[in-house]
Amino acid sequence: MGIVTIILLAFGVAMDAFAVSVTNGLCYEKFRRKEAFMTAVTFGLFQAGMPVIGYFIGSAFYETIAFLDHWIALLLLGAIGANMIVEGIKTYLNPEENCNTESFSVKLLLAQGIATSIDALAIGISFAVMRTNLILAIICIGIITFCFSLFGTFLGKKFDRFLKEKAEIFGGCILILIGLRIFIEHMLF
């Protein structure tokens, strides 16, 4: 997996965190710079850490599944992307359900960090079967997620809810296209 693909993948993965960051900025009145920074750090760390776990899981089974690497990448990225698109459409159809009435807390932030990074765990498995440079990938994912999350919280404070579902749909499309690209490259070459 080349650097351009890794960066595009990082953008796609970061969209979940971006969407939740926008929602946090919208929903919590006392959401200030400190909370925005905590959100960005938490999401960046979770998004960068989960692929490491997935990578080691995938590496343990690499010999057994290596001949299926392009199928695994297609299925994992396609499923994650499709789920993001479905969630974006649900958000668009039911915007009043986006805001949480509880106050912003560390416990809530950690739950959001885990929830937004589960897909990164699966992507880590595809990194193992595709023999991706893990260090480069997690640095790109962590930095891009941090920046998107920080930016998302401030956008949430300034703009309406329409950003959240568009970010999820866009990120889902990116992941599906990357999965298709990997699959086609392996089938043709």
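Worth saying up front: this structure is predicted, and the values here are computed from it rather than measured.
- Taking CG of D119 as the reference point, atom CG of N83 lies at 8.5 Å (rounded to 0.5 Å).
- Between P51 and L134, the closest heavy-atom pair is O-CD1, 4.2 Å.
- Judged by distance alone, the side chain of T145 and the main-chain N or O of G142 form no donor-acceptor pair under 3.5 Å.
- Rounding to the nearest 0.5 Å gives a distance of 10.5 Å between CG of L121 and OG of S126.
- S105 contributes a side-chain N or O that, together with a main-chain N or O of L108, makes up a donor-acceptor pair within less than 3.5 Å.
- Below 30°, between 30° and 60°, or above 60°: for F151 and F18 the angle between ring planes is below 30°, a parallel geometry.
- Taking CG of L9 as the start and CG of L177 as the end, the distance is 12.0 Å to the nearest 0.5 Å.
- Minimum heavy-atom separation, T42 to G113: CG2-CA, 4.4 Å.
- Q47 contributes no side-chain N or O that, together with a main-chain N or O of A120, makes up a donor-acceptor pair within less than 3.5 Å.
- A single hydrophobic cluster is not seen to contain both I118 and V86; linkage of ILVMFWY side chains at heavy-atom distances under 4.5 Å, directly or through other members, places them apart.
- Using a 4.5 Å cut-off on side-chain heavy atoms (C-beta onward), I3 and C140 make contact.
- Note that CZ of F43 and CG of L45 are 11.5 Å apart. Values are rounded to the nearest 0.5 Å.
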**Request:** Decide side chain to side chain contact (heavy atoms under 4.5 Å, CB included) for E35 and L109; before the verdict, give the C-alpha distance in whole Å, the side-chain angles of both, and the deciding distance to 0.1 Å.
**Result:** CA-CA 9 Å; E35 288 80 8; L109 182 59; over 6 Å; no
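- A donor-acceptor pair under 3.5 Å is absent between the side-chain atoms of S59 and the main chain of F56, judged by distance alone.
- Under a hydrophobic clustering in which Ile, Leu, Val, Met, Phe, Trp and Tyr are joined whenever their side-chain heavy atoms come within less than 4.5 Å, directly or via other members, I176 and L75 fall into different clusters.
- Note that CE of M50 is 8.5 Å distant from OG1 of T116, once rounded to the nearest 0.5 Å.
- Taking CZ from F148 and CG from D16, the interatomic distance works out to 12.5 Å, rounded to the nearest 0.5 Å.
- One N or O on the side chain of T153 and one on the backbone of L150 form a donor-acceptor pair closer than 3.5 Å.
- Shown here for I141 and A48, the closest heavy-atom pair between the two residues is CG2-N, 4.1 Å.
- Using a 4.5 Å cut-off between side-chain heavy atoms of Ile, Leu, Val, Met, Phe, Trp and Tyr, with links allowed through other members, Y55 and I7 fall into the same hydrophobic cluster.
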